[in-house]
Amino acid sequence: MTEPHKLIHRDLPDHQPVAGGIAARARATAVPQYLSALNPEQREAVETLDGPVLVLAGAGTGKTRVLTSRIAHILSQGRARPGEILSVTFTNKAAREMKMRLGQMLGQAVEGMPWLGTFHSIGGRILRTHAELVQLKSNFTVLDVDDQIRLLKQLLQAENIDDKRWPARMLAGLIDGWKNRGLTPSQVPSGEAAVFANGTGGKLYASYQERLKVLNAADFGDLLLENIRLFREHPDVLRQYQHRFKYILVDEYQDTNVAQYLWLRLLSQTASSPAAIAPRDAVQDHVPQTQPSASPPKNICCVGDDDQSIYGWRGAEVDNILRFEHDFPGAKVIRLERNYRSTGHILAAASHLIAHNEGRLGKTLRTEDEDGEKVTVTGAWDSEEEARAIGEEIEQLQRAGNNLNEIAILVRASFQMREFEDRFVTLGLSYRVIGGPRFYERAEIRDALAYLRVINSAADDLAFERIVNVPKRGLGDATVQLLHDHARKRRIPLSEAARAVVETDELKPKARGSLRALLDNFARWSTQRETMPHTELAEMVLDESGYTEMWQKDRSADAAGRLENLKELIRSMEEFENLQGFLEHISLVMDRDGGPDEEAVSLMTLHSAKGLEFDNVFLPGWEEGLFPHQRALDEQGRAGLEEERRLAHVGITRARRRAKLYFATNRRIHGSWSTTVPSRFLDELPAHNVEITESKGGSGWGGTSGYGPSRFDNLESFGSRYTTPGWQRAQANRTRGGFNEAGTAYGGGTSRSKRAPLTIEGELIAKSTGTTSDFSIDDRVFHQKFGYGRIVKVDGNKLSIVFDKAGEKKVVDSFVERV
DNA sequence: GCCCTAGCGCTTTTT
DNA sequence: GCGCTAGGGC
């Protein structure tokens, strides 16, 4: 490992924006700029370098700034060299951002921070260095969830377990959970191991781990768990890393799971003596401990916010942060409570809401900003009206000069997005969905990667199986089964078995020829790999295998996007030196690409909004059952409710200037319409900071149930007077019959509610007319989202189109092209 | 080997 | 009410 030492002593150019010449200034008596820019608490968090430190950083209090400044401080004080600082984050995005900001502070020091990365990438890196000690080779494959499931399915089949009753997915979930808790197969409590398939769960976990070793593969959980095992079984290796890392920094500590906690704890012990940290009962029950002793723990600094812990369901232990002082005796706890993001009303609303949680360390966010606009709560008749109202407000904001990039809609569950998408398409409002399937999880990307994996390692059975019949080449289940039998009998990889089988007459001539052609291709590609740049190779493989052609021939609406993704994949390979290097990193660091930065409203789940901020935030769907989600309540009880409340807190604190909450009285749940009750979280907001705005629903809601009366049962009692223009329009419209002029219901054309929509359609259409469309009735058109269709009505630039798949929709003409 | 249909389940998601 | 999956029929 190279550890460029020069960073600290190098003369930095004067034009460096933030910290031109940190080192020089630090040596001088003057306070360096990166410190003087901090408030007292932040500064304390940066300057407290010795011993364990917990920084409780509320939303918008400058968490990342503290982390990066702290690194800068350690370096400029000469306390450690860049290679001696371990700095872990959860996501690649967070790691990238830290690198970027450090780069701004320190010049080109980023390359000098070799141990700044995600838990998994750092764990994976350590594991590759010592792979042989955990029965792997250094070029081991990191399996994604898909591979994992496929492997488990094979194991279930081998054990003759009915995978209807005991789905592989469920087992994958269990194993994942065990790994999150740092449990190897032998450490799983027998009671838990027995819950799957009449007691075989533990055994399956063990044989899964064995199979992984045979395949020279690790799953995500292993990157940490095998690391822990490595450290436990080889104290000399552990000591090496303990010695190396003089400082440890952890981002988003509230999201760490038990495995990550154990990993950190092992690394944070002083190299000279064993554990200095108090034992942890919960963990101790299952995990053999290194005995505690009395020497001081290392300089570990964890930054997090217990009020933003929203990943309990995937193994995060809020307890880790709640018990920090207990786990790391002598820890200094520093609270950052000055919020630099939101206005007074927003902050007050969020603080008051989160104060209803019991299991928290307690912080009070404050701001010096003005009160600003009150948080608004709006009731709508149903989800469609909710989308319509939000669409209208967004258009108003847009007219008032707000940038669409500063507007976000945050939903609890992704099914809520659809209604907004439909609405925005109708309005011709550009939007982008954040989150969703990640780039490398897309089928086409994984297929392409599978080809490359087989070229890289002929023993990669999972990859081989994935693409053996993609595109279709007549090698179906029967053929694959035959290959499996061969491979198992002779204990060889599938591709090798295939090579043997094509020399026999066990396969029908057609399949045999097809398989031979594939194998010949792979043989040729492997040879060409030596002489050809890897990007070119990849392109060629996709062409010659017929994979590209498969999508070119595909007529479905997203085929073009898939081809685009494949191009993007090849582009992204350029950053790596060779195929091996690319594949090693792909599963860990590949992120979805930013894409073009057109101005657009952001649409995402509350979970994916963590860490982001917007001037205007819309929060629809605040209803019992949806938010808080019924399942969270059913499965986790009070803990579930508190996590939901933290989610609500995260949602509100994303807003800088406007937070707008909505609830609908009627919502479609699992297909059928039900009446819903406003969320209890609305009742928990401080009346003083909240304003009930226009409510178009008027009738039909009410009905308390579940948790007692809500002041939203009767909006008038809360100050709403139904005098807003929208309300009056809706009233007027309703007496006229309420249907839009086309007579068709919105959002589908086919069956829809018995109830007439309340909004005035005329206004909408008037807005978008002005230009006349050059489309006419019966034109055949294509739409990115809805596919092919036929125009049935033209109204200015607004078209009514009956789509082959999506039914009738109204669309602005610029969104379609003639075919 | 491929295509059609019945049946199920349906919160959040990173690595 | 919709979309995915598995299994059966051709």
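Labels below follow one simple rule: chain letters A, B, ... track the order of the sequence lines, proteins then strands, and each chain is numbered from 1. Here the structure is a predicted model, which means the values were calculated and not measured.
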A:Trp313 over B:dT12, stacked by centroid distance under 5.5 Å, angle under 30°: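 Here the ring of A:Trp313 and the base of B:dT12 are stacked, with centres under 5.5 Å and planes under 30°.
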Aromatic stack A:His629/B:dT11: centroid gap under 5.5 Å, interplanar angle under 30°: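 It does: the two rings, one from A:His629 and one from B:dT11, meet the stacking criterion.
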Can you tell me if the side-chain N/O atoms of [X] get under 4.0 Å from OP1 or OP2 in [N]?
X: A:Ser414; N: B:dT12; result: yes
X: A:Arg314; N: B:dT14; result: no
X: A:Thr479; N: B:dG1; result: yes
X: A:Asn92; N: B:dT14; result: no

Is there side-chain contact between [X] and [Y], with at least one heavy-atom pair below 4.5 Å?
X: A:Tyr253; Y: A:Leu264; value: yes
X: A:Arg453; Y: A:Arg466; value: no
X: A:Lys213; Y: A:Leu136; value: yes

Candidate nucleotides [options], ranked by approach to the side chain of [X] - the nearest:
X: A:Thr605; options: B:dG1, B:dT13, B:dT11; result: B:dT13
X: A:Arg631; options: B:dC10, B:dT12, B:dT15; result: B:dC10
X: A:Ser608; options: B:dT15, B:dT11, B:dT13; result: B:dT13

Over how many whole Å does the gap from [X] atom [atom1] to [N] atom [atom2] extend?
X: A:Lys610; N: B:dT12; atom1: NZ; atom2: C1'; value: 12 Å
X: A:Gln148; N: B:dT13; atom1: CD; atom2: P; value: 18 Å
X: A:Leu225; N: B:dT15; atom1: CG; atom2: C1'; value: 15 Å

A:Tyr205 and A:Trp178 aromatic ring geometry - parallel, tilted or perpendicular at 30°/60° bounds: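 Judged by the thresholds at 30° and 60°, the geometry between A:Trp178 and A:Tyr205 is parallel.
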Parallel, tilted or perpendicular, as decided by the 30° and 60° cut-offs, for the rings of A:Phe576 and A:Phe582: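 Aromatic pair A:Phe582/A:Phe576 classed perpendicular.
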5′-ward residue of the pair A:Val145/A:Ala632 relative to DNA chain B: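 This one resolves to A:Ala632.
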NZ/NE/NH1/NH2 to OD/OE distance under 4.0 Å, A:Arg412 and A:Glu644: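 Yes, A:Arg412 and A:Glu644 are salt-bridged.
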Per-nucleotide protein contact string for nucleotides 4-10 of chain C, where B marks a base within reach and S marks sugar-phosphate only (heavy atoms under 4.0 Å, - for neither): --SS---
Distance-minimising heavy-atom pair for A:Arg128 and A:Ser138: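 So the minimum-distance heavy-atom pair works out to NH1-O, 3.0 Å.
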Separation between the P atoms of B:dT13 and C:dC2, rounded to whole Å: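 Approximately 23 Å lies between the P atom of B:dT13 and that of C:dC2.
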